[in-house]
Amino acid sequence: QVQLVESGGGLVQPGGSLRLSCAASGINLDYYAVGWFRQVPGKEREAVVCIGSLDDAVMYSDVARGRFNISKDTVDNTVYLQLVGLKPEDTAVYYCAALQVPPGSNYCSRLSKHYKYWGQGTRITVSS
């Protein structure tokens, strides 16, 4: 059984930092691209950043550029999203998702429909 479990969300003041985790079981992330998406009520799910199977990061969201950093721990089979300088507009539910890719491919996608496995989401609220 494949599971992606996000953690690390919470309430943070503007300017604060958080680190989200996406722990995978049942799949080997060496063969998957992992994307982070976020969603606020009434809006479509937005692609934030992706890390390819070869560990190259692809930043999709301009608002995240320079503030968010994605990394992968192959030993723990976990992807991390470090967020700094958080703003109220970053308030959302953050999801990680996994997309199987060919061996040796660093392919990523910003389209949620391409991802097969999803976590349950972790909520970030940025407020003073």
Side-chain angles (χ1 to χ4, degrees):
Q1 182 181 2
V2 177
Q3 278 193 310
L4 299 179
V5 179
E6 300 103 332
S7 61
L11 173 64
V12 63
Q13 291 187 343
S17 301
L18 285 173
R19 189 177 79 156
L20 306 184
S21 300
C22 173
S25 60
I27 57 173
N28 184 341
L29 293 183
D30 287 347
Y31 304 103
Y32 285 79
V34 176
W36 283 95
F37 294 76
R38 66 184 186 183
Q39 189 170 25
V40 297
K43 292 190 176 181
E44 291 188 1
R45 196 165 292 188
E46 173 191 21
V48 176
V49 63
C50 174
I51 188 165
S53 64
L54 300 179
D55 295 351
D56 284 346
V58 181
M59 186 66 66
Y60 292 122
S61 173
D62 289 339
V63 298
R65 203 176 305 275
R67 297 189 298 125
F68 295 178
N69 183 59
I70 190 170
S71 61
K72 184 169 67 176
D73 185 327
T74 55
V75 174
D76 291 340
N77 210 33
T78 299
V79 170
Y80 299 97
L81 181 64
Q82 181 73 43
L83 309 98
V84 301
L86 284 163
K87 304 175 181 180
E89 52 263 41
D90 294 319
T91 296
V93 178
Y94 285 72
Y95 299 89
C96 67
L99 159 66
Q100 191 168 13
V101 297
S105 168
N106 210 46
Y107 177 76
C108 270
S109 175
R110 70 190 308 157
L111 300 180
S112 58
K113 66 181 181 180
H114 290 167
Y115 290 80
K116 182 174 182 179
Y117 302 111
W118 288 84
Q120 81 288 353
T122 185
R123 182 178 301 276
I124 293 178
T125 302
V126 185
S127 175
S128 55

> Are any side-chain N or O atoms of N77 and backbone N or O atoms of I27, one a donor and one an acceptor, separated by less than 3.5 Å?
Replying inline: yes
> With ILVMFWY side chains joined below 4.5 Å, transitively, what does V84's cluster contain besides itself?
Replying inline: none
> For residues 9-47, which residue pairs qualify under ring-ring contact (aromatic ring centres under 6.0 Å, His included), counting only residues two or more places apart or in two chains?
Replying inline: F37-Y115, F37-W118
>> To check you understand the geometry: which heavy-atom pair defines the closest contact between S17 and V12, and what is its length?
In response: N-CG2, 3.9 Å
> Which pair of non-hydrogen atoms, one from C108 and one from G52, has the smallest distance, and what is that distance?
Replying inline: SG-N, 3.6 Å
>> Looking at L29, is its backbone amide N or carbonyl O close enough to the side chain of K72 to form a donor-acceptor pair, meaning the two atoms are under 3.5 Å apart?
In response: yes
>> Tell me whether D76 contacts the main-chain N or O of A23 through its side chain, where contact means a donor paired with an acceptor under 3.5 Å.
In response: no
>> Working to the nearest 0.5 angstrom, can you tell me the gap between R45 CZ and R38 CZ?
In response: 13.5 Å
>> Tell me if a side-chain donor or acceptor on R110 pairs with a main-chain N or O of A47 at a distance below 3.5 Å.
In response: no
>> Can a donor-acceptor pair be found, under 3.5 Å and without considering hydrogens, that links the side chain of T91 to the backbone of V126?
In response: yes
> Should D62 and R65 count as an ion pair when the cut-off is N to O under 4.0 Å?
Replying inline: yes
>> Using the rule that Ile, Leu, Val, Met, Phe, Trp and Tyr join whenever any side-chain heavy atoms are under 4.5 Å apart, tell me whether V5 and I124 fall into a single cluster.
In response: no
> Rounded to the nearest 0.5 Å, how far apart are OG of S128 and CG of L11?
Replying inline: 9.5 Å
>> For D90 versus G85, what's the shortest heavy-atom pair and its separation?
In response: OD2-O, 4.4 Å
>> Is it the case that the side chain of S53 and the backbone of S105 share a donor-acceptor pair, with hydrogens and angles ignored and the cut-off at 3.5 Å?
In response: yes
> According to the ring-ring contact (aromatic ring centres under 6.0 Å, His included) rule, which pairs have a member within residues 61-107, sequence neighbours left out?
Replying inline: none
>> Let me check something: do V93 and V49 share a hydrophobic cluster, defined by ILVMFWY side-chain heavy atoms less than 4.5 Å apart, either directly or through other members?
In response: no
>> Once rounded to the nearest 0.5 Å, what's the spacing between atom CD of Q120 and atom OG1 of T122?
In response: 7.0 Å
> Looking only at atom types and distance, does a side-chain atom of E6 sit under 3.5 Å from a main-chain N or O of C96, one as donor and one as acceptor?
Replying inline: yes
>> Ignoring hydrogens, what is the shortest heavy-atom contact between G9 and L20? Give both atom names and the distance.
In response: N-CD2, 3.6 Å
